Amino acid sequence: MAIQKKHGKGRLDKFYYLAKEKGYRARAAFKLIQLNKKYSFLQNSRCLIDLCAAPGSWLQVAAETMPVNSLIVGVDLAPIKPIPRTITFQDDITTDRCRATIRGHLKTWKADTVVHDGAPNVGTAWVQDSFSQNDLVLSSMKLATEFLVPGGTFVTKVFRSRDSSKLEWIFKQLFTKVEQTKPPSSRNVSAETFYVCRGYKAPKHLDPKFLDPKYAFAEVADAAPNNEAKVFNPEQKKRKRDGYAEGDYTQFHDAPASEFIQTSDPIAMLGSLNKLSFEQEHGGNGDLALAALEKMPETTREVRDCCADLKVLGRKEFKLLLRWRLKVREKFGFSAKAKKAAAEAEAQAQAQEDEEVASVASMDEEMQLQEDLQKMRERNNKATKKDRRKENEKKQKEIVRMQMHMTTPMEIGMEQEGPNSESAMFQLRAADKAGALRQIARGKMHSILPAEAEKQEEEQNEEDSEDEAEDELERDLDGMYQRYQERREDRDTKLRAKKARREHKDEDGEFAGFSDQEGQSSEDEVAPDEDSDSDSEDEDDTAGGSLLTDLDTSAQPKGGLTRRAATFFDQDIFKGIDGLEDAEDDEEEAEMQRDSGVDVADDSAVIPTKPNKTEQDSNDKVSGESVEGETSDEEDQDTGALDSEDEGKSFEVVKAKPSPWEDAEAEVPLRNGRPDIDIITAEAMTLAHSLATGQKTKHDLADDTFNKYSLRDVDGLPEWFLDDEGKHSRPHRPISAAAASAIKEKLRALNARPIKKVREAKARKQLRAVNRLEKMRKKSALLADSEDVSEKDKAAQISRIMARAKKGGGKKGQRQEVKVVVARGGNRGRKGRPGGVKGKYKMVDARLKKDARAEKRLKKAGKR
Ligand SMILES: C[S@@+](CC[C@H](N)C(=O)[O-])C[C@H]1O[C@@H](n2cnc3c(N)ncnc32)[C@H](O)[C@@H]1O
């Protein structure tokens with residue numbers, strides 16, 4: 001494409017010379033001539049207003065073309081030299097004063113034509129230019145609406161931009177015929193175009209907002225995105241192009257471990273760094289804290305390993321590092337506790353000195369020995385009591401859970417050491433002898449062996465203070481871990497996505513089997529947490545009334561099944577399933593052979609039976625919803641039995657995750673009224689594909705959710721364990737090659753770009769530096785070889801060259817070439833620098849060329 005130069009002699013095209021020849025003040029005259037040739041509006045006009053008329057070439061054309069005695073008024077910010085048969089004045093067309101002046105000149109007349117060729121003081125950014133140009137067009141339009149006669153013509157220049165279509169819409173509301181054209185004299189490189197609006201409708205009332213740029217150019221909200229369409233054409237996510245921090249061009253960050261010890265915000269460091277290093281800078285021994293840290297016994301191998309890669313820390317490692325920090329801080333005397341202890345010791349010493357307390361005479365040796373022995377005994381007692389208390393607490397909890405029917409079949413094998421075992425403290429026989437059997441049956445666990453309970457309480461009080469400190473540390477660590485996770489989520493898109501999946505329970509989240517959230521909810525809904533143990537005991541006297549019955553029943557094999565199997569099939573989920581009894585009989589033999597009873601894998605083979613009504617009812621019950629009225633009579637009996645007698649003699653089923661389709665409205669977040677789903681895993685993509693192609697149905701998906709993972713009891717399990725479990729213990733979903741490659745592509749595009757850009761930028765910089773150096777070397781060599789220059793001058797010149805090279809090279813005042821870039825393809829609508837363009841650039845409208853060609857084509861066709 002031949003590029004027209006817009007500066008220097010390049011500007012002087014044929015219209016320039018023509019204008020000179022004909023005596024027009026500007027080549028712009030030909031634009032009006034050509035527009036009028038096409039639309040013939042000047043010949044029929046008796047009154048014309050030229051807005052932005054300087055230097056006045058349009059006025060000249062109007063004066064030539066319009067009938068004699070026509071009224072022609074021109075206004076511009078710049079002064080206009082007088083033109084025969086025209087009235088001109090200097091003013092800003094956006095002001096009321098200008099409007100009043102025009103009114104004064106027109107008196108009772110109305111204008112047949114209003115022309116506007118205004119251009120604001122261009123030269124700033126393109127977007128600003130086009131906006132102020134459009135603003136000026138609106139101002140001229142406002143004047144036109146005031147002075148135009150009904151049926152009148154308005155001609156205006158518009159720069160093609162985002163807002164030009166909005167202007168066109170406005171024109172179309174006010175005129176019967178609106179045409180856009182670009183006269184041949186208008187330069188191709190210019191984005192200007194002309195609108196010729198004919199047949200002014202002259203509405204009686206015009207809302208001022210109509211011509212107010214604030215409203216006229218207001219952004220319309222984007223249409224709702226079609227997320228479904230993304231399934232097979234995953235869109236490339238827009239990245240935040242904030243760029244790198246100044247001087248920081250890597251994604252790897254490390255800091256000395258001593259800094260981590262000293263910092264007041266360890267979480268921030270763990271969240272943002274990749275490594276805590278123990279190496280001294282430049283191999284020296286400058287950082288004494290670091291050297292000390294390395295030699296400390298607290299700095300174990302595990303700690304070092306954790307510090308080596310902070311990005312892979314789990315909850316356990318995270319805690320380990322924070323504990324290590326606390327210990328080291330204490331040793332270094334940084335911790336508040338250590339400081340407090342030091343201050344207390346000092347104060348005590350001071351007080352002792354002040355009060356001059358007589359020192360206690362030393363005891364004789366035997367007394368000393370006795371005392372030591374006593375202390376040792378006490379310590380031992382304390383330790384054994386603590387262990388016993390913990391053991392008791394654990395057992396107590398286990399029993400409460402059983403009373404509440406919280407245990408799942410998976411725990412059946414774990415009860416050897418539980419309440420039924422020989423060694424169990426709460427053995428029923430022993431309890432019966434003590435006459436507390438009925439109390440146990442009523443669930444009053446705390447009233448059994450009151451003396452022992454009291455004793456325990458005393459012990460507990462003693463150790464409470466110790467535990468409190470430990471608990472506090474634990475709570476702090478939990479809080480810190482939480483914040484650490486949040487920070488990681490902030491930085492890590494993958495983690496964020498994972499969390500979002502978990503929260504929204506979209507299709508991928510559904511695969512997770514169980515998540516910590518789920519665990520949480522099940523805990524909330526079903527199991528009392530550790531703190532609420534006592535509450536549940538107090539609250540429900542009768543709830544666990546069947547403890548004795550429960551255990552007795554479970555002790556006897558039912559229907560030939562082992563106790564564990566019988567307990568398992570006692571669950572609500574199996575109630576009302578026809579033929580299960582037979583199946584049980586059939587399986588009896590095999591069941592008997594299994595020495596370990598029901599194993600998880602075998603359970604899953606039974607569980608995926610389609611969820612029937614009873615199962616759903618029990619699920620509803622678990623989630624706290626009332627099922628009354630929804631069940632049939634028969635089922636009412638079942639559930640009634642559950643409610644009244646023992647709220648289910650068997651184990652309750654933890655509700656499987658509802659599929660996103662079950663309660664899509666509640667679970668799937670909406671954006672502009674549509675589900676906001678972004679597929680980011682190959683599994684989800686495969687699933688979406690199989691759904692879209694009909695290979696899978698909604699019901700298949702619902703079935704899939706009932707698996708061995710969905711019925712896990714996560715009650716009481718620590719969060720870090722669930723975190724870890726959630727990563728590995730989940731169903732494996734099939735992945736199709738196409739889906740995997742689509743996701744891979746998406747991720748590759750996301751990952752590769754910034755690194756590529758950095759590399760390119762570095763390479764460019766390097767190349768420039770090498771070129772500069774080479775240039776400098778050549779120049780210096782030439783200078784050194786020349787004989788007419790004195791040594792002093794040579795030295796001065798060489799140092800000048802070097803100084804210039806240091807600055808960045810290039811002669812002062814050397815003009816950079818402006819590259820003309822056509823706004824097409826990727827460059828269309830781009831606000832910033834177009835890709836692959838260095839130095840100065842100028843964007844030009846791609847459509848101009850097309851328009852010109854189309855016009856030529858039409859002309860040719862017309863000739864034929
Ligand atoms: C391209 S020139 C007009 C050329 C004119 N049509 C001719 O034929 O000679 C654009 C003019 O718009 C004027 N202009 C820009 N903003 C204006 C404003 N707010 N009020 C009046 N004139 C303005 C500038 O002073 C400049 O003279």
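Since the model is a prediction, treat every value here as computed from it, not as a measurement. One-based numbering, in listed order, for ligands and for the atoms of each.
Across the listed options T94, D117, L136, L136 owns the non-hydrogen atom lying nearest to atom 16 (N) of ligand 1. Proximity annotation for atom 24 (C) of ligand 1: of I80, D92, D76, D50, D76 comes nearest, heavy atoms only. Which of A62, P55, A26, P79 comes nearest to atom 9 (O) of ligand 1 through a heavy atom is settled by distance: it is P55. For atom 5 (C) of ligand 1, the nearest non-hydrogen atom from the set A54, A19, S57 belongs to A54.
More than 12 heavy atoms of other residues, nucleotides or ligands shown are found within 6.0 angstrom of CG on D207. Around the NZ atom of K37, the shell of radius 6.0 Å holds no more than 12 heavy atoms that belong to other residues, nucleotides or ligands. Other residues, nucleotides and ligands contribute more than 12 heavy atoms inside 6.0 Å of the NZ atom of K201.
Between R46 and D112 there is no salt bridge, since no side-chain nitrogen of the basic residue lies less than 4.0 Å from a carboxylate oxygen of the acidic one.
In terms of polar-atom proximity, A29 is not counted as a contact of ligand 1, lacking any N or O under 3.5 Å from an N or O of the ligand. Looking at P120 next to ligand 1, no N or O pair under 3.5 Å apart turns up.
Contact atoms of ligand 1 toward G118: 12 (O) (distance under 4.0 Å to a heavy atom of the residue). Remark: ligand 1 atoms within the under-4.0 Å shell around heavy atoms of D91 are 20 (N), 21 (C). Of all atoms in ligand 1, listed by their number and element, those nearer than 4.0 Å to a heavy atom of A53 are 5 (C), 7 (C), 9 (O).
No hydrogens or angles considered: nothing links the side chains of N36 and T65 as a donor-acceptor pair under 3.5 Å. With no hydrogens or angles considered, no side-chain donor-acceptor pair links D788 and S786 at under 3.5 Å.
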Going by atom type alone, with no hydrogens or angles, which donor-acceptor pairs under 3.5 Å involve a side-chain atom of residues 74-86 and a protein atom two or more places apart or on another chain?
unit_1, atom_1, unit_2, atom_2, d
D76, OD1, A78, N, 2.7
D76, OD2, A53, N, 3.0
D76, OD2, A54, N, 2.8
R85, NH1, A63, O, 2.4
R85, NH2, A63, O, 3.3
R85, NH2, M66, O, 3.4
R85, NH2, P67, O, 3.2
T86, OG1, I83, O, 2.7

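R833 places a side-chain N or O within 3.5 Å of a backbone atom of V837 that can act as its donor or acceptor partner.
Heavy atoms of A119 come nearer than 4.0 angstrom to ligand 1 in at least one pair. Not close to ligand 1: V61, with no non-hydrogen atom less than 4.0 angstrom away.
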